[in-house]
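To keep things clear, I will list the structure first and then write my remarks on it.
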Protein chains: 2
Amino acid sequence: MARKTGSHSQTTGPRVRAAAARLIARHGYAAVSMRQIAAEVGVQAGALYLYTPDKQTLLYDLMRDHLEELLAAWQAVPAETSPEGRLRAFVRFHIGFHLDRAEAVFIAYMELRNLEPARFAEIEKLRHAYEDALEAILSAGQSDGSFSIPDTRLATMALIAMLTGVTNWYREGGRLARAEIETIYTDMALNAVGATRG
Amino acid sequence: MARKTGSHSQTTGPRVRAAAARLIARHGYAAVSMRQIAAEVGVQAGALYLYTPDKQTLLYDLMRDHLEELLAAWQAVPAETSPEGRLRAFVRFHIGFHLDRAEAVFIAYMELRNLEPARFAEIEKLRHAYEDALEAILSAGQSDGSFSIPDTRLATMALIAMLTGVTNWYREGGRLARAEIETIYTDMALNAVGATRG
DNA sequence: GCTTTATCTGAACACCCGTTCAGTTCAACC
DNA sequence: GGTTGAACTGAACGGGTGTTCAGATAAAGC
């Protein structure tokens, strides 16, 4: 036996990444073997190396793709003019995007230490760019007086941690619907930055 | 060679746990081997089994000890009467305690998936008890009108995520002193729950 | 000073790891 | 329909894994 009937590089590649994402999110990068990923795809371990040069690159690609998609998706959100409107949009976007991609979020936050320094820096740069998008909103609100913020960087980190935390407890079909959660978190975020509501 | 000069169970046991905590926090449970831990202690791998029945129990003990210490430490904080005072005390306590134990915090949050179900449930119970302590404060404030909270459980999760997030970016000797961070986070937390300041 | 015993070594156990590669198979093209 | 080349297998490589245990050593108690 060698080549499977109906096999295609175009379908196997994505399936490898999907299986890796699922397994790594569940068990952690170090705890998942290439053989486990291969078994999930229905292939021998050696075949994975047609789609990634090594295990760590597979992880790196998952993280980079996730963060680039995050940045692109936020840039695609229609721009609001007022800081309050922009913050409202950010909160809804952030929660929605992250709940849709719980696995990728988990990996991008937890597996940083398994990257070599250069790649770690690359991923951190992308994350930093996203944080800067929120900080720009907070700074704008601080400047025009619609927010009251002692330190925009601190508020940025506080809000992102608060919002991302939703992925740790949210379960589909739980007590609260996503829209309700987004609304409540939007209010808490606006309150936290001392928004003078209008 | 066998027994080392000046060896003691009383000193080796804690050193094993300390080495395990340091290494697991840095590299992750699955990525750290018993031989690495032993080398850090200055002992052969086999000797570790005088202090733990197996690797997973070592992890479990670290997590349980951390959370029990957390609960005990909070119970030792002098009780405030008003919800606002209690929330202020909680924020300062939480940030201070967590910044003092960055390694243990990291482990207790990231390595849950490496516990067998029964132990996972045990750790989650302890964490839940701590969350309940905050929720009780928020409920009290909601009842007496000093806070404005649509959903106390949501607010609890939001605040804990926000506060614990500090451990991800705080560095000793950084731009802001701990007291400043605690003050700013206290204000953000009070704002987030709609505290009518007095 | 001798015995006891807690502490630790070093080797072994069976198994799993990431990665490579010669060889096999099947789809696609001429 | 024969040839080419992409897709994949299966075995092997050197090395690491958690854990066990007989034996060695040094501290503690008499």
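Letters A, B, ... are given to chains in the order of the sequence lines, protein chains preceding strands, and every chain is numbered from 1.
- Between A:F90 and A:Y130, a ring centre-to-centre spacing shorter than 6.0 Å is recorded.
- Listed nucleotides C:dT7, D:dG18, C:dT9 differ in distance to B:V43; the shortest reach to its side chain belongs to C:dT9.
- Nearest heavy atoms, B:T81 versus B:R86: O-CD, 3.9 Å.
- Residue B:H27 contributes atom NE2, which lies 16 Å from atom P of D:dG16 at whole-angstrom precision.
- Distances shorter than 4.0 Å separate none of the side-chain N or O atoms of A:Y49 from OP1 or OP2 on D:dA7.
- Remark: C1' of D:dT20 and OH of B:Y51 are 17 Å apart, rounded to the nearest angstrom.
- Each of A:P53 and B:L48 was matched to the nucleotide of DNA chain C holding its nearest heavy atom; the match closer to the 5' end belongs to B:L48.
- Sorted by residue number, the members of residues 32-39 of chain A with any non-hydrogen atom under 4.0 Å from DNA chain C read A:V32, A:S33, A:M34, A:R35, A:Q36.
- Residue B:E131 forms a side-chain contact (heavy atoms from CB on, under 4.5 Å) with just one option from B:T156, B:L126, B:L159, and that option is B:T156.
- The side-chain tip of B:R92 does not point at the ring of B:F97 from less than 6.0 angstrom away and within 45° of straight on.
- Contact annotation: B:T12 side-chain N/O to C:dT7 OP1/OP2 distance is not under 4.0 Å.
- Atom CG of A:L50 is separated from atom C1' of C:dT20 by 12 Å (rounded to the nearest Å).
- For the pair A:D54 CG and C:dT20 P, the interatomic distance rounds to 8 Å; values are reported in whole Å.
- Residue whose closest nucleotide on DNA chain C sits further toward the 5' end, between A:A30 and B:A45: B:A45.
- For B:N114 and D:dT17, the CG to P distance is 16 Å, given to the nearest whole Å.
- At least one test fails for A:K55 against the ring of A:Y60: distance under 6.0 Å to the centre or angle within 45° of the axis.
- Atom-to-atom, CD of B:Q44 to C1' of D:dA24 comes out at 13 Å; the value is rounded to the nearest Å.
- The interatomic distance linking A:R15 (CZ) with D:dA7 (P) rounds to 15 Å, in whole Å.
- Side-chain contact check for B:F93 versus B:L70: some heavy-atom pair is nearer than 4.5 Å.
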Exercise for the section: Apply salt bridge (charged side-chain N to carboxylate O under 4.0 Å, His left out) to A:E40 and A:R22, showing your working. Expected result: CA-CA 10 Å; A:E40 189 95 345; A:R22 186 165 49 249; 3.0 Å; yes
